[in-house]
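Just so it is clear: chains get the letters A, B, ... in the order the sequence lines come, proteins before strands, and each one is counted from 1. Side-chain atoms are counted along with the backbone in the values below, which use heavy atoms only and exclude waters and symmetry mates.
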Amino acid sequence: MARTTRVLPGFGPALGLTLTWLSIIVLLPLASVFLKASNLSLVEFWDVVTAPRVAASYRLSFGASLAAAAINAVFGLMLAWCLVRYRFPGKRLVDALIDLPFALPTAVAGIALTALYARNGWIGQWLEPLGIQVAFKPLGVLVALVFIGLPFVVRTVQPVLEDFDLEHEEAAASLGAGRWQTFRYVILPVLLPALLTGFTLAFARAVGEYGSVIFIAGNIPMVSEITPLMIITKLEQYDYVGATAVAEVMLLISFVLLLLINGLQAWTAKRTGRDR
Amino acid sequence: MSIQVRNITKRFGAFSALDDVTLDFPSGDLVALLGPSGCGKTTLLRIIAGLEAADGGQVLLEGEDASARHVRERQVGFVFQHYALFRHMTVFDNVAFGLRMKPRAQRPPERQIREKAQRLLELVQLDWLAGRFPSQLSGGQRQRIALARALAVEPRVLLLDEPFGALDAKVRKELRRWLRRLHDELHITSIFVTHDQEEALEVADRVVLMNQGRIEQTGTPEEVYSQPATPFVYGFLGAVNLFHGRVDGEGVRVGGDLLPGTARADGPAEGARVMAFARPYEIDIVADDGADGGMAAKVSRVLSFGVTTRVELEGSEGQHLEVELTRERADALGLAVGQTVRLLPSNLRVFEYEEGAGI
């Protein structure tokens, strides 16, 4: 193999260090989960992870997380757009507010949301007559997940949008493209990879979220229990093996979904000629 | 299509980018807007395109007021200095973009769009790059694609903003010639902005010289080069020698020397402070130090290559002067570095003194 000359050498040590670090920080804990779960026989394992209550929690956890990430993709893009394109009073304040869900202890967020959306809460009392219940329903889970996932899309899309050259829009307009066409065919494709990254991060965060959700979800079996709660419940009953089994399934599903989204990202990058 | 610009003004804060600019661009001409950076030429181009709104005045396209019309409806092709190609689309899709964005009722069938894009790629001689992405192209290729993309929608006017500004010297020259040939084929009314005088003179049918938001002169390249209307134009176009002095009879007195000139009736009054210009080839050298008239100068360098010999001299007041002679003339004079000679301008142009004008 020909040696390539680089300004900064050190491929060997850098890669070695990276892999070691990743092993200690990520792979080792994960491996212990799998090891622990292997105390179960296959049949026992299957029974634990497909118990109706657990299965219902998968649906809620992954369904609500995907939905929350999708909502955040749309509104996060809008927020990023406003922050980059327009000047308005209080812009810095808005910019700082966006990171708040990052900093807030999730339990605080949960309590605040519950207070708002409970039947007698500020918002809840207006929704109640309309027949919409948020707190203690799957909808409440969605609201909490939207809240904690907000910063991701904004912060990934913002820099790309800042780099976007206005000349491209002018070029599109001079070629006769309408406003929507310019957005759809000129701007959106450029933002798509960043948007997907933000979506992935928001999704991953939502799947693992616990603190804010359990307050507002009400944790009604088969209705509003999320998978992390199932794991905690099992732990509280000293069912360590059962807890790790469910955790294992959660990990696998998450991993497969993340791989899929990454694949999608690589595909968009390739399609748009940036993969070189 | 003809373009007329009437009394256009544009301010950016306290800075006046365009100050009451009125211009006619005849149909089918290739016109250069030439001037130093910050003179307002790009702003004017963007106002004609509709990318920028003027504070006052009108833009008439084919005699019709287009001031209120959106860039989308003006049917102008705009070519940007940095190409502005859509980097997520192939070269082919870039060229086809304008056609595909047409309202459904006007949009040609996909087969026709493909044929047309193909034809345009052939026109700019880059059909072999159809499947590539802009990032895989050289600067010159990108600009040709940008031009093909603009031409696809059959614009009534083609506007080019420093189209070759980001390219290196050699590619620039090639593209210049190529643009001229293309224009001779298509005859589409075109305006291009440049700060490169050579480019403007070489390519354009007409040149508009701008400075500080105003028009200094318009004319054919020949006219603006040989009969500059203002000190600015003199200084901006080509090499020139500048003398500061006062009107003395027919000539100009510079220090102790009298430069012969031809006073015009409408010229500056006797004794007025003036600036006088002469191009390097409009000055003769007299080797005899004792000769009468002209200005004493010391030869500091003699550069003989090509058909002409360039002589650099230091004037009596330390100013840098340049004279261009034919080879034969220079040989006959037998100039040596350090030798004192006299300079006799054969075509001295005299302007009233202006603060900050000229070179």
Side-chain angles (χ1 to χ4, degrees), chain A residues 73 77 80-81 84-87 153 156-200 261-276, chain B residues 42 45-46 48-52 69-104 106-107 131-137 145-161:
Chain A
L77 174 59
W81 182 272
V84 172
R85 286 299 172 92
Y86 309 121
R87 291 170 64 179
V153 172
T156 49
V157 170
Q158 210 176 2
V160 182
L161 207 51
E162 268 162 8
D163 281 349
F164 189 82
D165 201 342
L166 283 180
E167 277 189 357
H168 289 103
E169 280 164 52
E170 292 177 347
S174 78
L175 292 167
R179 288 189 186 95
W180 167 248
Q181 285 175 318
T182 303
F183 179 77
R184 167 68 186 81
Y185 297 105
V186 176
I187 302 171
L188 196 59
V190 176
L191 297 183
L192 202 57
L195 205 58
L196 271 174
T197 305
F199 177 84
T200 315
I261 302 175
N262 276 350
L264 192 66
Q265 224 171 346
W267 178 73
T268 52
K270 198 173 212 154
R271 210 175 53 113
T272 57
R274 254 160 304 181
D275 174 47
R276 281 197 307 130
Chain B
T42 292
L45 196 74
R46 290 174 60 85
I48 294 172
L51 293 172
E52 203 102 51
R69 258 194 274 162
H70 191 269
V71 51
R72 217 178 294 132
E73 298 148 3
R74 288 199 192 184
Q75 287 179 277
V76 296
F78 202 95
V79 175
F80 296 84
Q81 180 177 4
H82 298 290
Y83 332 119
L85 291 176
F86 306 131
R87 58 189 176 149
H88 60 281
M89 293 181 200
T90 60
V91 161
F92 188 89
D93 290 336
N94 262 286
V95 175
F97 181 82
L99 295 170
R100 288 184 176 149
M101 291 301 116
K102 278 184 188 294
R104 201 171 289 275
Q106 297 164 32
R107 195 187 311 158
R132 303 270 185 93
F133 285 98
S135 58
Q136 298 164 304
L137 269 54
I145 296 300
L147 196 59
R149 181 179 70 174
L151 290 172
V153 289
E154 293 178 9
R156 300 186 293 174
V157 189
L158 194 58
L159 306 173
L160 306 100
D161 182 12

Where on Arg149(B) is there a heavy atom nearer than 4.5 Å to chain A: the side chain, the backbone, both, or neither?
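Backbone plus side chain of Arg149(B), per the 4.5 Å heavy-atom cut-off to chain A.
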
Side chain from CB out, backbone as N, CA, C, O: work out which of these in Leu99(B) comes under 4.5 Å of a heavy atom of chain A, or both, or neither.
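Neither part.
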
State whether Trp180(A) and Arg184(A) meet the cation-pi test: NZ (Lys) or CZ (Arg) under 6.0 Å from the six-membered ring centroid, and within 45° of the perpendicular axis.
no

For residues Phe164(A) and Val190(A), determine if any side-chain heavy atom of one lies less than 4.5 Å from a side-chain heavy atom of the other.
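Yes, their side chains come closer than 4.5 Å.
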
Report the C-alpha distance between Arg156(B) and Glu73(B) in whole Å, list the side-chain angles of each, state the deciding distance to 0.1 Å, and finish with yes or no for salt bridge (charged side-chain N to carboxylate O under 4.0 Å, His left out).
CA-CA 11 Å; Arg156(B) 300 186 293 174; Glu73(B) 298 148 3; over 6 Å; no

When only pairs under 4.5 Å are counted, which of [options] shares the most heavy-atom pairs with chain A?
| options | result |
| --- | --- |
| Pro155(B), Gly98(B), Ala84(B) | Ala84(B) |
| Phe78(B), Phe97(B), Phe86(B) | Phe86(B) |
| Leu159(B), Leu51(B), Val76(B) | Leu51(B) |

Residue pair Asp93(B), Arg100(B): steps toward the salt bridge (charged side-chain N to carboxylate O under 4.0 Å, His left out) verdict
CA-CA 9 Å; Asp93(B) 290 336; Arg100(B) 288 184 176 149; 2.9 Å; yes

Quick check against the 3.5 Å criterion: does Asn94(B) have a side-chain atom that pairs as donor or acceptor with the backbone of Met89(B)?
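Pair found, side chain donor or acceptor close to backbone of Met89(B).
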
